[in-house]
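First comes the structure, then the notes that go with it.
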Amino acid sequence: MNSYSGFSLFRNALTGHRHWSRAWRDPVPKKHYDVVIVGAGGHGLATAYYLAKYQGVKNVAVLEKGYLGGGNSGRNTQVSRSNYFYPESGAFYEHSLKLFENLAQEINFNVMFSQRGVLAICNSPHEMELYRRWANAIQMNGIDSKILSREGIKKLIPHINLDCRFPVYGGFIQKRGGISRHDAVTWGYARQASAAGVDIIQQCEVVGMDSSDSRVTTVHTTRGTIAADKFALCVAGHSSQLAAMAGLRLPITSIPLQAMVTEPVRPILHTCLVSAHIHVYVSQSDRGEIVIGGGADLYNSYAQRGGLPVQHENMEALLELLPIFSRLRLMRQWAGVCDMTPDVSPIVGKTPIDNLYISTGWGTGGYKAIPAGGDTLAHTMVHDQAHDLLKPFQLDRFETGHLIDEGAASGVAH
Amino acid sequence: MLRIKCPWCGVRDQTDFQFGGESHIARPETPEHASDAEWANYLYFRKNPKGLHYERWVHSYGCRQWFNIARDTLTHEIIEVYKMGEQPSTRSDTGKANKK
Amino acid sequence: MRSRVDNPARLSDGGLIDRNKPLQFSFNGVNYTGYEGDTLASALLANDIKLVARSFKYHRPRGVFTAGEEEPCALIEIGEGDARTPTSRAPMIPLVQGLITNSQNCWPSVNFDIGRVLDFTHIFWPAGFYNKTFKWPSWHTWENLIRKSTGLGQALTGPDPDHYEQVNAHCDLLICGGGPAGLLAARTAGRLGVRVMLVEQDQSFGGTLNWEQVQIEGKSGHSWSLNIIDELDSMKNVMLLPHTTVVGNYDHNVTTLLQTGQGTAWRECFWTVRPKKILLATGAIEQGLIFPNNDRPGIMLASAVRHYLNRYAVVPGRNVMVATNNDTAYQTVFDLARKQIAVSTVVDIRTEVSEEIRQGMADLGTALICGVRISDTRGTRGINKVSIESLDGKIMGSHQCDLLAVSGGWSPRLHLLAHARGKLRFEPASQSFLADTLPPGFTVTGSAAGCSKLTDTLTDAIRKTNNICSQLGFTGKHATAPVVDKDALGSTKTVTAPLNSGKHRQWIDLAHDVTLLDAELAVREGFVSVEHFKRFTTTGMSVDQGKTGNLNAIIALAALTGRETADIGTTTFRPPYVPVTLGAIAGGNLGEFYAPRRYLPAHTLHQQLNAHFADYDWQRPECYPRAGETVEDAVHREVLAVRQSVGIFDNSPIGKIEVRGTDAAEFLNRVYINNVLTLKPGRARYGLMLNENGVIIDDGVFVRLSENHFLVHTTSGAVSRIVAMMEEWLQCEWSHLRVLIDDITTQWANFTLAGPRAREVLNALGTDIDLSAKNLPHMAMASGSVAGLKARVARISFSGELSFEVSIPACTAQHFMQTSLNLGQAFGITPYGIETLMVLRTEKGYLHVGVDTDGSSTPDDIGWGHVARKKTTDYIGKRSLFRPANLAGDRKQLVGLEPLDSKQSIPVGGHLLPGTEQQVPVRTEGWVTSACYSPNLKRYIALAVLAGGRQRLDELLTVFDEDRRIAVKVVSPLFYDTENERLKD
C-alpha cells in the first residue's frame, strides 16, 4: 500500500500516477473468520479497522451487499459535533470528535475535517432559555461551547436574516464541530482495514443466519456460507431485517431523511448553521455546494426516496433564515434510511444472542459517531463486555426506562 | 408525496394526514401485571418490515378520523385501506403483499 | 461600442427567428445583436463568439457544446445586481432585449484566465488528490487557502427582487415533452376527452420538428407541429405548458414542474401535479465522443450544429469536420450542404457504413474516413486542427477545421423514470440505456423509448396513447399514425471504439473536468463499482448531473475494467432533472406567510393599551408598559397591582376541551393521573396527563360541568396535541367508550380577574352568579351572566390571588375587557401580561409544564408522586412509572432557589454544582428552569430541578452559567403566601 502524502503525490505525478496501488483488496470470502461484520458502512469498516489495528483481531471479514460506503455513510450531510446534553452522550461523541480531529493522520487519508464550527440558533425567548441550559450542559461535560448573542451570530453569518418570522434570539456554537468528506472516511477506514488483513467483501448480501444454543454459527450470503466466532450487525437502515434473521426484534423504526445540495458557488457560508425551530441545517461544502438538511418524513420507509413536503419545508426554512440563497438552484436531493430508536440514542453492544453484537439506532446522526462507534464496538466484541462509553447505550435500557432522550432534556430535537 | 385515500373523505395529499405507527399493537390488558419486558415490548419494539406494513394514519386536517392502511415500505404502494378495529385482508406471510 | 459586422455567423435567410425584431444584449461588457426567437447560445454563436466559459476545475476555455438543457460547458451568469443568476445554461436562456450576460469562473477575463495555471499543472491534481495530501498540520489550515477557488458562480448577497408562484394541479395524463411523440399523444388523448397536461421545456413546442428537416403529411415538420398545437390550443381539456420543465417525480406519481415566466409578474412557477398517468415523450440526448482534447470551443454535438443551423440560421463554423460512431451525424453533413457549407471530412469509428451514406458523402465531395478516430485537437480559444489515427494507433495526418461536430450515439432521457425507481437495461446495438421495468402509471414513447425513425416514433406514440386512454376509460375512434414523407437519418446503431491511450487528456465529463486519466486512476485504485467510480472521479456530480458525461463514464469504466457495459450498471439520477431555483420551491411561503400569526380576539384593545407583544403561538401581551417604563418596570408594577388590588389578564388561548358522554368520566379517569370519578359537578381539580412513557405532557384544571359533561383546560400551546391524543385513544384503543370531544378553545374568550378586589370588580360588572366563597369556593365553577354576557366563571388561580376566570363568547372579548377596565377603575384595575403572570406563578412555585418540566419529568419529580401512586385504577403512562429508572432516588425534583446575595439574579438555563467550590467539568446536579425578581419579596428567586432535590433543602449550591457563578440555597418552591391564605376567601 502506498503512503499518501504531498511528497508521494508529487512523486507519482512525475510518473503519470501509474504506480498507485489499490485502495483495498478484493478478496474471495473464506469459509471461516474470527469475526464477521455485516455492513461495510462507516461503522462496520471502522469496527474492522479498530479490531485489526488495536485489538489484535485480524481474521475479520466485512460483508457488504452493495458497495462499501454506499448506504447512509455516503448520504449524510457530514457534520461532526459533540454538543450533547447528557454526560453519557457528551462523553461518547466527544471521544468520536477527538478521533475525527486526528483521523486524517490516523488513517493516512485526508478526510478533510474542517472545524468551522457548528452554530445552533434559537428563534424564541423560551428556546433561548433551553439553549442556555443545553450550552451550559455541554460545558459541564467539559466540551467547548459558547453562547452567542444576535450580534455574535451576525458576525459569523453576515447574511443571516435575524428578524425573520421567528426572530433569532441567540444561539451557541461548538467551534470544534465541523464537516468532513463522508466518502473519504469510509474509504480511508476500508483502505487501512484491508491493509491490516481485513477481508472487505462487496456484492455479498447476507440472506440468512444459522444459530444454535443462542449463538449465531454461520451466515448465508450470496457468495456462500461463512462461519465465524463472533458477528456484528452494522447495517444502518436495515437493522430490523438483519436482526430478524437472528430471531431478534428491535425497538427500531426506519424513516427516510432527506438531504439536498445546490449548485456550487464561491464560499459564502463558513459555519454549519442549525435551527431546530425553523427546521433546517445548512453548510457549504468544500466544492461550493450548499448542503441542506432538515425534517424527516415521519413514516416507515426503505425507499431511499425523499418526499416532496419536506423539500418545501426545508427550502422555506432556509430562505427564511438566508434569503440570499433564493436564486441559487437545487441540484440534487436524495434520502437515507434512518433507524430511529424511541429515545433517538443508539444501541451499541451485546444482544440477547451470545456472540451477536449490534450497532444501530444512530438515527439521523450516525456519521459523526463512526470513529467512536468502531473503536468501542471493537473493544466490546473482544472483551465481550460493553465498553465504558457504551454502557448507557445498551438494549436493556428500554426495559429499565433509562432512556437517553437528548431531545427531552434539552427541549430540542437532535 | 403519498396520496392517501381517507375512507371518509377520499384521496388527499399526505400533508393532510399524520402517521401513527404500526397498527394492531395490543396494549397489555392489565398493565400492572405486565413485566418490564412485556411493557417495553408494547411501548417500543416494532416489526419495522421492509415490505408490507400495517399502519395507522389520522386525517388530521380533514375528518380527524383514524384508519388503517397496508403499505409497502419499499415502494410506498398502498395496498389496502381499512377502518379501525378491522383486520387487513392482505397478508404478509411471505413479506410480500398478496392482493385480495 | 466598437463597430463590427453584425451576426457574422448568421445565414441571410431561414430559421425560426424573427428578423424584424432585433434584440440588443451584452456579453462580458460588449454589446451584440440577436433576434427574437434566439437563445443566448444561438445569439453568441451568431456573433461568432466561441469561447464563452471556463471549466470548473482546470479553467479550460470552453464553448457551446449542446443546444439544450444538457449543456455542460456554456454556463453563463445572466442579469446584474441582485437579479443575477449564475451558472445559467446558455442554450436555455431565451434572448430578451437588454439581456446582460457575463462569463464566470475566470479572472481577469474569459479570454485570459489566471486560473488556467491549474490546467498546466494538472498532473498534480488528479481525481481525489486532496485525499492524499493536505493532512498536515490539519486540513483546516489548507482549506482556507484552497477554498477560495472552489465553487462556480458568484453567490448573491442581496434580497431576491423576483417573485415565485406555486400551482397545484390534477390531470388524467401528464405528457412530458412536446416533440413529435408528445404532440401526437396529446392530440390523440385530447380528442378522446382525456384531461391532458402537455409540458415542454423549450419556449416552443415541436422538439426536433423545429430543427430536423423532415416532412409529415406533405408539410414540413415545423408546420405540421403548428397545426397540432393550434388544435390542442382549442381543446378545453388540454393544458399547454411551454417553457416548463418536468423536474421531479415523487411518491404516487406526484410530479413537479418548473415553469419559466416571460412578461409575467412572477419569474418562475413551481407546479405540483397529481396525474393518473405519465407519458414520457422526452426524446434522447446526443452524447459526445472520448478523444484527446475533446473539450475545445468549436467542438459541438452534431445535432446541436443542425439545431443552430436550421432553427436559428446560425453556422457555428465554416470549415467543418464531423466525427461519429453512428449514422445520425451524417444528417449534419447534408443539412450544412443544403446551406452551401461543405464538410471537409467525416471521421467514423465504424469500419463499415451503408452504401447510401458512402454515396451521399461522395456526391457532396466530403471525405469519409472509416475505422479511424481522432488522436488530438489543437486551438486554444477555438479548435483549428484535428489529427486522426487508425484504431490501432497509426497516425493518419491532420486536418484544419473551425468546427468539429461530434456524435457518440443517443441516450434516452429517462431521468424521471429513475426518480420513480424504474429500472434501465443496456442495449448494445445503440450503446444506450433503455427503460426496462416501468414504475406504475408510466409509459415511455418515441426516441425516449429507443425509436430512432420518426415513423416509429409516431406509430409508437399513437399505439401507447391509445392504450393509456383505454386504461383511463376513454374509448372512441382511435387515431392512426400520420405518414412521414421524409425523415432525418435515423439509425442510432453504434459501436464503441477502443479507448485511446495517448498522452493527452480526454474528457469524460466536461462539466466537472473529469478525464480518462482520472478514470484510469480510479480503476487502478480499485474504485470500479460505478458508484465508487462516480464519487472518486466526481463524474456526473456537476450541475448537469452528467447528461452528456455519464454514458461516457460507464463505457470508459467497462473498457478499463474489461467488463461488459451492461454489467456496469448506472448511478441513480436524482431529482431535480434540471437545477431548480430555491425561491421557486419556497414560493410565497416566506416572511409573514412562513407561519400565520394568531391574534387574540381583543387584539386591537391590547394595542390601544400599548401592550408589548410576543409570539407564544398566539400574539400575546407580555406586559403593558406606560410612558417611560421598561418592560421590567411594567412587570413589577403589574405584579404589585395584582397582589395589592386587582388585575385583568387575557387568558383566551388557554385550551378548552369539552368532553361529553356517558363514559366521559371513565375516559378522563384513564387520561389523568388524578381520580376523576369522585369529582362533583360544579367543582374543578388540577390534573396531570402523562404519555404512555410516564412523562408529563400537560397539566391544567378540569371541571365537571355536569355528570356526563367535563371541561378540560390545557396549556395554550398543547390544546391541539391533547385533542389529537384523546381522539387517538378513543378511536384506536377505547372505541367502546361513549365519549365526544370538542375543542372549544377559540369559541370562548377568557379573562382572569385576579387580586384581592377581583370579586368587587366582577360584582360591579353585574352578574347573576353568587360569587361568595361559600357558593363559589376555590376550584369551583358556575355558569350565568356577567356584564350582560353569557359566561362561565371559575375560581382557578395561577397567581395565588383570589382569582376568577371569566369565559365569554369570543366575539364579545373586546367589549368585556373594555367594560372591565372602565368599571374596574374604581378598584385600581390594571391589565397585566404573561410576563407578569410568570412572576406571579413563580412566586407561588406553580409549575409551568414544558418550562419547569421536560420530556423526562414524571409526577413524582414535581411532587405529585403520592397522587400518581395512590390511584388504584390504570391510567395512561401509569405502568411506566414503576420501571427501575422511574423509581431511582436520584431523579431530578422540583425545588426553589434563593441567591445568597439577594441582589444577584439567577439565570434560567444555569446548571447546579454541589457546594460552592466545585469546578467543571462535573456531572450536573440539575438546572434552573424559571427565575425572576420578586417585587413582593424584593429579591431574586428561581425554580430548578435538582437530583434528589426534595431531600436537600437548605443545601448550598453553585449555579454555573458560562462565565458566571452564583451561590444559592435550596428552598421550598413556594415563596409567597406559603399557607395559601389568599386563596381561601
Side-chain angles (χ1 to χ4, degrees), chain A residues 4-6 9 13 17 20 22-24 67 70 87 104-105 109-110 112-115 129 132-133 136-137 139-142 147 159 165 183-184 263-268 286-288 307-308 312 315-316 319-320 323-334 400-402 405 408-409 411, chain C residues 85 87 123-124 126 129-135 139-140 143 147 150-157 159-160 250 254 521 524-526 529 531-532 535 543 574-576 579-583 585-586 589-591 594-595 854-856 883-886 908-909 911 920-921 923-924 927 960-962:
Chain A
Y4 290 167
S5 67
L9 183 70
H17 297 288
W20 291 111
R22 286 186 67 98
W24 48 77
Y67 55 95
Q105 270 81 10
F109 205 101
N110 187 0
M112 302 171 84
F113 185 38
S114 163
Q115 292 181 284
E129 292 176 351
R132 187 169 285 275
R133 181 196 296 178
N136 279 324
Q139 295 183 24
M140 296 279 286
N141 294 340
I147 296 169
H159 301 296
R165 169 66 179 82
D183 290 334
E263 295 174 336
V265 282
R266 295 262 189 263
I268 183 104
D286 279 329
R287 254 204 292 272
L308 200 51
H312 283 284
M315 288 312 150
E316 289 160 13
L319 297 189
E320 200 40 27
I324 59 158
F325 289 152
S326 176
R327 295 179 87 86
L328 264 187
R329 281 174 295 210
L330 178 69
M331 188 165 75
R332 271 197 312 279
Q333 66 170 130
W334 65 92
T400 63
H402 284 104
D405 193 338
Chain C
T85 313
T87 322
I123 196 68
F124 298 107
F129 72 92
Y130 35 77
N131 286 140
K132 297 187 169 94
T133 181
F134 305 131
K135 299 188 295 294
W139 162 245
H140 205 42
E143 184 186 26
R147 202 159 186 248
T150 62
L152 196 49
Q154 200 74 43
L156 288 115
T157 52
D160 190 343
Y250 299 86
V254 173
L521 182 61
R524 195 170 295 136
E525 296 200 36
S529 121
E531 287 285 353
H532 282 158
R535 287 153 180 264
V543 292
R574 304 287 181 189
V580 175
T581 312
L582 304 191
I585 302 173
N589 302 324
L590 297 173
Y594 179 72
D854 59 44
S856 67
R883 295 180 301 195
N886 295 78
V908 176
H911 279 250
V920 289
R923 198 175 177 87
T924 185
W927 44 86
F960 169 91
D961 179 41
E962 226 168 41

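Letters A, B, ... mirror the listed sequences (proteins, then strands); counts begin at 1.
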_Backbone N/O of C/Lys135 and side chain of A/Gln105: donor-acceptor pair under 3.5 Å_ = yes

_Structural part of A/Asn141 lying under 4.5 Å from a heavy atom of chain C_ = backbone

*Please determine, among C/Val908, C/Leu590, C/Val580, C/Leu156, the option with the most heavy-atom pairs under 4.5 Å with chain A.*
C/Val580

*Side chain, backbone, both or neither: which part of A/His159 has an atom under 4.5 Å from a heavy atom of chain C?*
side chain

*Who among A/Trp24, A/Tyr67, A/Phe325 has the most heavy-atom pairs with chain C under 4.5 Å?*
A/Tyr67

*Could you pull out the closest heavy-atom pair between A/Glu263 and C/Thr87, with the gap in Å?*
OE1-CB, 3.8 Å

*Can you say whether C/Leu521 sits under 4.5 Å from chain A via the side chain, the backbone, both, or neither, judging by heavy atoms?*
side chain

_Restricting to non-hydrogen atoms, name the atom on C/Leu582 and the atom on A/Leu330 that form the minimum distance, rounded to 0.1 Å._
CD2-N, 3.5 Å

_Looking at chain A, which one of C/Pro159, C/Pro921, C/Gly909 has the largest number of heavy-atom pairs inside 4.5 Å, strictly under?_
C/Gly909

*A/Asn136 and C/Phe960: side chain to side chain contact (heavy atoms under 4.5 Å, CB included), yes or no, with the steps?*
CA-CA 7 Å; A/Asn136 279 324; C/Phe960 169 91; 3.7 Å; yes

*asked:* Donor-acceptor pair, distance only, cut-off 3.5 Å: does the side chain of A/Arg266 make one with the backbone of C/Gln154?
replied: no

_Leading residue by heavy atom contact count with chain C [cutoff under 4.5 Å; candidates A/Gly307, A/Gly288, A/Gly401]_ = A/Gly401

*Greatest number of heavy atom pairs closer than 4.5 Å to chain A - which of C/Val920, C/Asn886, C/Thr924, C/Leu152*: C/Leu152

_Less than 4.5 Å to any heavy atom of chain A: does that hold for the side chain of C/Glu962, its backbone, both, or neither?_
both

*asked:* Counting only non-hydrogen atoms closer than 4.5 Å, does A/Leu328 touch chain C with its backbone (N, CA, C, O), its side chain (CB onward), both, or neither?
replied: both

*asked:* Please rank A/Met112, A/Glu129, A/Gln115 by heavy-atom pairs under 4.5 Å with chain C and give me the top one.
replied: A/Met112

*With a 4.5 angstrom heavy-atom cut-off, could you sort out which part of C/Val254 is near chain A: side chain, backbone, both or neither?*
side chain

*Where does A/Phe113 contact chain C at under 4.5 Å (heavy atoms): side chain, backbone, both or neither?*
backbone

*asked:* Under a 3.5 Å distance rule, please check whether A/Asn110 uses its side chain to pair with a backbone N or O of C/Lys132 as donor and acceptor.
replied: no

*Main-chain N/O of A/Arg332 paired to C/Arg574 side chain as donor or acceptor, under 3.5 Å*: no

*Among C/Phe129, C/Phe134, C/Tyr130, single out the residue with the greatest number of heavy-atom pairs under 4.5 Å to chain A.*
C/Tyr130

_For the interface with chain A, which of C/Ser529, C/Gly526, C/Gly153 has the highest count of heavy-atom pairs at distances below 4.5 Å?_
C/Gly153

*Heavy atoms, side chains only, cut-off 4.5 Å: are A/Pro267 and C/Thr150 in contact?*
yes

*If only atom types and distance count, is the side chain of A/His312 paired as donor or acceptor with the main-chain N or O of C/Ala586 below 3.5 Å?*
no

_Which heavy atom of A/Ser326 sits nearest to which heavy atom of C/Thr581, and what is that distance?_
O-CG2, 3.1 Å

_Nearest non-hydrogen partners of C/Asn589 and A/Glu316, listed with the distance_ = ND2-OE2, 2.9 Å

*asked:* Has A/His17 got a side-chain atom pairing as donor or acceptor with C/Ile123's backbone, closer than 3.5 angstrom?
replied: yes

*Closest approach of C/Pro579 and A/Arg329, non-hydrogen atoms and distance?*
CB-CB, 3.6 Å

*Taking every heavy-atom pair that is under 4.5 Å apart, which of A/Ser5, A/Ala104, A/Gly6 has the most such pairs with chain C?*
A/Ser5

*Pairs of heavy atoms under 4.5 Å with chain C: top-ranked of A/Met315, A/Arg287, A/Arg22, A/Glu320*: A/Glu320

*With sequence neighbours left out, what residues match C/Arg524 under salt bridge (charged side-chain N to carboxylate O under 4.0 Å, His left out)?*
none

